Undergrad: 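Just passing along the structure, written as C-alpha cells.
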Amino acid sequence: MNIILTGYRCTGKTSTGRRLSARLGRPLFDTDDLVLHRTGRTVEQIVTDGGWPAFRNAERAVIRNLSLLDGGIVATGGGALMDPRNIGYLQENGLFIWLVADAATIAGRLEKDQAVGNKRPSLSGKPVVEEVQEILAQREPIYRSIADLTVDTACRNVEAVAMVICRHLP
C-alpha cells in the first residue's frame, strides 16, 4: 500500500514525505518533481506555455504510473485530486493522508517560499490570501471525502506530523 500525501500548497506534503521516507525506509515520489523529470520543464514553464490543462495532463500521466507501485510515499500536487481519474488511480492501492493548515498559515508559507525563489504559479491571479481562501473552499470537500487520516500542520513541525502519521499506519 502507498501512503498518499495530499492537501493544499504549502501544507507540508513534500517535507513530510521526506521525513516519512527516512523513518519508514520507503521511496518518496513527488508528483511535481516527476512531472519536471518527465517533461524537462518546471510547473511554471508548463503553465506558461500550455496553461494549467497542460500541466494537469502531465500530472495525470505521472500519477497513473505511480498507482502501479506498492510501498511508496506519494506527495501529490495540491490540485492533483481535483481530477477524479487521479483519485481512482491512487485509491486502488493508497492510504490518503490529508495535510491541512488554515488559510493564513498557508498564505504566509507561500509568501515565504516566493521570497526565497520557490515560485509557484498563481492559480487564479488574485492576491495570495484571497486565492488561498477561494481555492481552499473549492478543494476542501474533495480532500475531506477521500481522507483516511487528517493531520493539521499549522502548529506542528515536520517531525511531529510524521509521528502522527506513523502512529496511524496500519
Side-chain angles (χ1 to χ4, degrees), residues 2-21 26-69 72-91 94 96-143 146-147 151 153-154 158 161:
N2 295 313
I3 298 169
I4 313 299
L5 300 174
T6 191
Y8 196 75
R9 296 171 164 191
C10 288
T11 55
K13 299 179 300 287
T14 300
S15 299
T16 299
R18 285 186 194 119
R19 188 61 50 98
L20 287 171
S21 178
R26 292 179 173 210
L28 171 64
F29 303 98
D30 183 292
T31 60
D32 287 349
D33 289 347
L34 292 172
V35 167
L36 170 65
H37 180 72
R38 180 183 177 114
T39 65
R41 298 182 307 166
T42 65
V43 175
E44 184 179 20
Q45 290 168 330
I46 295 169
V47 171
T48 298
D49 295 343
W52 280 105
F55 172 73
R56 296 296 177 205
N57 286 336
E59 180 181 59
R60 186 178 321 104
V62 162
I63 287 173
R64 178 66 184 126
N65 288 336
L66 289 174
S67 72
L68 304 173
L69 303 176
I73 299 165
V74 178
T76 65
L81 300 183
M82 299 307 99
D83 183 334
R85 292 169 288 192
N86 290 339
I87 294 171
Y89 297 149
L90 294 169
Q91 276 182 327
F96 287 92
I97 312 295
W98 176 27
L99 302 183
V100 302
D102 58 272
T105 298
I106 292 169
R109 290 174 181 172
L110 277 167
E111 289 171 349
K112 183 179 174 186
D113 270 7
Q114 290 174 347
V116 296
N118 294 334
K119 183 120 172 83
R120 297 171 191 246
S122 174
L123 298 170
S124 68
K126 295 180 179 177
V128 174
V129 174
E130 188 178 334
E131 177 177 283
V132 169
Q133 291 170 332
E134 182 179 297
I135 303 296
L136 270 178
Q138 294 169 8
R139 293 181 179 178
E140 280 185 345
I142 294 169
Y143 294 147
I146 61 170
V151 182
T153 66
V158 174
V161 172

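Computed from a predicted model, the values in this text were never measured in an experiment.
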Undergrad: Begin from the C-alpha positions of L28 and L20 and carry the test side chain to side chain contact (heavy atoms under 4.5 Å, CB included) through to its verdict.
TA: CA-CA 8 Å; L28 171 64; L20 287 171; over 6 Å; no
Undergrad: Among residues at least two apart in sequence or on other chains, which ones pass side-chain contact (heavy atoms from CB on, under 4.5 Å) with T105?
TA: A101, D102, R109, A154
Undergrad: Taking T31 for the side chain and G77 for the main chain, is one N or O donor matched with an acceptor at less than 3.5 Å?
TA: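 Checked: pair present.
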Undergrad: Compare every heavy atom of V129 with every heavy atom of A107, then report the nearest pair and how far apart it is.
TA: CB-CG2, 3.7 Å
Undergrad: For a 4.5 angstrom cut-off between non-hydrogen side-chain atoms, does H37 reach D33?
TA: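 No - every pair of side-chain heavy atoms lies 4.5 Å or more apart.
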Undergrad: Quick one: ring-ring contact (aromatic ring centres under 6.0 Å, His included) partners of F55, sequence neighbours excluded?
TA: W52
Undergrad: Go through the structure and list residues passing salt bridge (Lys or Arg N to Asp or Glu O under 4.0 Å) with D83, not counting sequence neighbours.
TA: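 Salt bridge (Lys or Arg N to Asp or Glu O under 4.0 Å) check on D83 returns R60, R85.
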Undergrad: Check whether T11 reaches the backbone of Y8 with its side chain - one donor and one acceptor, N or O, closer than 3.5 Å.
TA: yes
Undergrad: Would you say L90 and L81 make side-chain contact, with heavy atoms under 4.5 Å?
TA: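 Yes, their side chains come closer than 4.5 Å.
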Undergrad: Find the distance between CG (L5) and CZ (F29) and round it off to the nearest 0.5 Å.
TA: 13.0 Å
Undergrad: In the structure I gave you, are the side-chain heavy atoms of L34 and R38 within less than 4.5 Å of one another anywhere?
TA: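 SC-SC contact between L34 and R38 ruled out.
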Undergrad: Is there a donor-acceptor pair closer than 3.5 Å between any side-chain N or O of S21 and the backbone N or O of G17?
TA: no
Undergrad: Would you say K13's side chain and V74's backbone share a donor-acceptor pair under 3.5 angstrom?
TA: no
Undergrad: Kindly write out the residues that satisfy ring-ring contact (aromatic ring centres under 6.0 Å, His included) with Y143, not counting sequence neighbours, or none if the list is empty.
TA: W98
Undergrad: Rounded to the nearest 0.5 Å, what separates atom CG in D30 from atom OG in S15?
TA: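 One finds 10.0 Å between CG of D30 and OG of S15.
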Undergrad: So how far is it from T6 OG1 to I146 CD1, rounded to the nearest 0.5 Å?
TA: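 Those atoms lie 5.5 Å apart.
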Undergrad: Quick one: CZ on R139 to CD on E134, what's the gap to the nearest 0.5 Å?
TA: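 One gets 10.5 Å once the value is rounded to the nearest 0.5 Å.
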Undergrad: Taking only residues two or more places apart in sequence, or in another chain, which ones meet R64 in a side-chain contact (heavy atoms from CB on, under 4.5 Å)?
TA: S67, L68, Y89, E92
Undergrad: Would you compute the distance between atom CD1 of I73 and atom CZ of R18 and round it to the nearest 0.5 angstrom?
TA: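 CZ of R18 is found 12.0 Å from CD1 of I73.
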Undergrad: Working to the nearest 0.5 angstrom, can you tell me the gap between R9 CZ and D32 CG?
TA: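 Those atoms lie 9.0 Å apart.
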Undergrad: Please identify which of these residues, I135, V100, V132, meets the side chain to side chain contact (heavy atoms under 4.5 Å, CB included) condition with I106.
TA: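 Between I106 and the candidates, side chain to side chain contact (heavy atoms under 4.5 Å, CB included) is satisfied uniquely by V132.
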Undergrad: Which residues satisfy the side-chain contact (heavy atoms from CB on, under 4.5 Å) test with T39, sequence neighbours excluded?
TA: V35, R41, I46, A58
Undergrad: Is any side-chain heavy atom of N86 closer than 4.5 Å to one of T76?
TA: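 Heavy-atom side-chain distance check fails, nothing below 4.5 Å.
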Undergrad: Side chains of F96 and Q91: does their closest heavy-atom pair fall under 4.5 Å?
TA: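 The answer is yes, as the side chains (C-beta and beyond) meet within the 4.5 Å cut-off.
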Undergrad: Applying side chain to side chain contact (heavy atoms under 4.5 Å, CB included), run through L66 and N2 and close with a yes or a no.
TA: CA-CA 9 Å; L66 289 174; N2 295 313; over 6 Å; no
